[in-house]
Every structure is written in structure tokens, then in C-alpha cells.
Number of protein chains: 2
Amino acid sequence: MYDKFFIQQLKQHGYKITPQRRAIIEALAEAPLAPKASEIWEKVRQKYPDISPDTVYRNLTLMVDLGMVQQIYLRSKETSRFEVNVPHHHHLVCLKCGCYYCLEGCLVNEQNLKAAKRRGFTVIGHALELYGYCMSCKEGRKEGLR
Amino acid sequence: MYDKFFIQQLKQHGYKITPQRRAIIEALAEAPLAPKASEIWEKVRQKYPDISPDTVYRNLTLMVDLGMVQQIYLRSKETSRFEVNVPHHHHLVCLKCGCYYCLEGCLVNEQNLKAAKRRGFTVIGHALELYGYCMSCKEGRKEGLR
DNA sequence: ATCCTAAATAAGTTTATTCTTATTTAAGAT
DNA sequence: ATCTTAAATAAGAATAAACTTATTTAGGAT
């Protein structure tokens, strides 16, 4: 369980531990692979019916910014999804149906991290999405785009 | 001028050439580096006061999907920006102020393109964003996140 | 235990973007 | 030139996400 690790991380960065935050972290732990924000919200509402969606969004974004959670941008096809407890990696996203596949490893090379450093830019995370067409969408490609 | 190239590309893919599309392409050509959708809309409205924002979004997205235009996702800090007529590259995006820097070249390696192929996935584009803090935002990092 | 204060929250508003539907139109065929 | 039809559009509704502000609260200090 990474619940404790998450709490510790937040504390370490000076953030307060609220019941809502605990619940969100718990929901992430129980959730299926890569839930949507709305799914987290639904789950948390079972315990805290009055929690606002804003609180869910705010905390998910915070955890993404802290590198504890990975956000998958699925373009406009689908709302973002959030991954926890998986090694850092990237995704293939289908432009037609919005489905995605996980890629192994990470494509960011040293050169660019150095370039960032030279500019005085501190990199704390990154995201790469490859866009294209999955097998089942390939035939109808042109129709798909429209 | 890449106006003609854009028109040709759209025709080649079977899309119709409407006055609105011409105007959007023209606006992109005249626009400053990496305009926002709203800026394109404003420019196009000078000629077509009745054009809907939807038409602008729809066509920008289409051109991104066709690889003619690059979209820069600036997270929630800022709305997306659109680049044309520049070699393919990636960006550094500041989590605090939303500013960005262009990186040289492209970080996608052969391995992953092959992995995509093996899955029957056709890659037609990709985007990589590195997230972190620019020089001037670095000090106030913790405050910035909140 | 109480107090203090910055941070977190809920509620409601706002915004950017997308979707739905009825209407219009580009462009190929006649 | 006219006809045809799928595609594109405008308008308005819907949605996800973020912002604003007043209230509450976590957690450190007393």
C-alpha cells in the first residue's frame, strides 16, 4: 500500500493532511487502473457526500505536480486518466476512439535534461503521448477523423 | 507561405476547402509565434464576424491530427498554443507561470515506434512536455504550487 | 487545552472546449 | 448549369475543469 507513502510525501512538502486528502488517496489505491477524475470523485463521495469536485481536481493536480501520480492526456476524445503505483512510462493514444496502450520505459534523454538545466529550468516531470490509430480504427481512418 | 501547402494537404485528405478554413489558415500564417485558439478566432472574426469558436477549434484540432500544426499543452495554467511552420520539437513548460521554452529535436526513439508497429498501432504524431520550474519561478516553488 | 494563521475547503461562478442538431455548402456527377 | 449528398457550419446546450470568495480547519506555538 502506497497510502502511507503518499501521506508522507505530502507532509514532506509541507501540505496538510485533511480527511478529504486521505479519502482521495484511498480512492486512488482502491480504484481500477487509471481512473478518471470523475471516478475518484464518485468513490470519495461515498464517504464524503459534500466533497466538491474542485477538491478532487485540485488534489489530483497537486499529486501530479509532485510526481506521485501520472496523468494521461487523452486529447479531447476522453478526459484525463490518472495512474499510480506504476513505473514511469508513456502511452499510445488513439485519435479515433481514445483508447490507449502503455509503452515501456521512458524516452527522455540526457541531452535534453541538460539543456533544461542550462536554462535554469528544473524538470520535475514530463509526459509524452504518441498519437495515431490503433489496429481496429486503422481502416476507417479518414472517417474517424471527421 | 505555407498557405497553399495547407490547402493542398487538406484536399489530399479529402477535406473540403471552405472560406472559414482558408481564413483560419491565413490567420495562422499571419499570427505571432504559437497563438492561442482565441487569438486565431479573433483574427478570423475580422473577416468572418459570424464564425463560431467551434469551427476554429474543430479545424485547429483537425490540422493537429493531420500533423500540419503542433499543439503545445500548457497544462491548466494556460490554454493550448498552436505552432506552424517550425520543425518538429518539444517544450519545457513551467508549472508555476505556464511559460514555455522550445527544445531542439525530438526525443522519440526507434524502439518505441517499433513497439507501436508491432501492436498494429500507426503513429502519426506525438507530443512530449517536460514539466518543472523556470529560473524565475524556482525560488517560490512551494508557494507556486498552491 | 487553547490560540493562531496560513492553507484547504465548499459553493457558486466562470471559462474553454466539445457536443447536438438543424441548416448550409463544397465539390463531384449528370 | 444543375443536381446530389456527405461534410461543414452556426447556434445553442452541455461538460470538464478552474477560479473566486467566504468559511473552516490542520497543525504548530503558547
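Note that this is a predicted model, so its numbers are computed, not measured. Because only heavy atoms are used, hydrogens play no part in the values below, and waters and symmetry mates are left out as well, while side chains stay in. Lettering of chains follows the sequences in order, A, B, ..., and the numbering in each one begins at 1.
Between the C1' atom of D:dA16 and the CD atom of A:Glu42 lies a distance of 14 Å, rounded to the nearest Å. Summarising the geometry, the separation between CD on B:Glu78 and C1' on D:dA17 is reported as 15 Å, rounded to the nearest angstrom. In this structure, B:His13 places its NE2 atom 13 Å from P of D:dA8, rounding to the nearest Å. When the C1' atom of D:dA17 is taken as reference, atom CZ of A:Arg81 falls 17 Å away, rounded to whole Å. Atom CH2 in A:Trp41 sits roughly 13 Å away from atom P in D:dT15 (whole-Å rounding). If you take OH of A:Tyr48 and C1' of D:dT25, they are 13 Å apart, rounded to a whole angstrom. Put simply, CG on A:Leu62 is 17 Å from P on D:dA17, counting in whole angstrom units. Look at CZ on A:Arg21: it is 10 Å from P on D:dG27, rounded to the nearest Å.
At a threshold of 4.0 Å, the pair A:Arg45-A:Asp50 does not count as salt-bridged, since none of the basic side-chain nitrogens sits closer than that to a carboxylate oxygen.
A:Thr55 and A:Gln20 share no side-chain donor-acceptor pair at under 3.5 Å. Residues B:His91 and B:Glu83 bring a donor and an acceptor atom of their side chains to less than 3.5 Å of each other.
Going from atom CZ of A:Phe6 over to atom CD1 of A:Ile24 covers 12.0 Å, rounded to the nearest 0.5 Å.
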In 5'-to-3' order, the base (B), backbone-only (S) or no-contact (-) status of each nucleotide in nucleotides 14-30 of chain C, using a 4.0 angstrom heavy-atom cut-off, is --SSBB------BS---
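Put simply, B:Thr55 has a side-chain N or O that comes within less than 4.0 Å of OP1 or OP2 on D:dA10.
Note on the helix from C:dA1-D:dT30 to C:dT30-D:dA1: terminal axis deviation equals 30°, with five pairs used at each end and the result rounded to 10°.
Residues meeting the ring-ring contact (aromatic ring centres under 6.0 Å, His included) test with A:His88, sequence neighbours left out: A:His90, A:His126. Take B:Tyr57 and apply the ring-ring contact (aromatic ring centres under 6.0 Å, His included) test, not counting sequence neighbours, and it matches no residue. For A:Thr79, the side chain to side chain contact (heavy atoms under 4.5 Å, CB included) criterion is met by A:Lys36, not counting sequence neighbours.
Closest of all the heavy-atom pairs between A:Tyr48 and A:Pro19 is OH-CB, 3.2 Å.
Applying the salt bridge (Lys or Arg N to Asp or Glu O under 4.0 Å) definition to pairs two or more places apart or across chains, those involving residues 18-31 of chain B are B:Glu26-B:Lys47.
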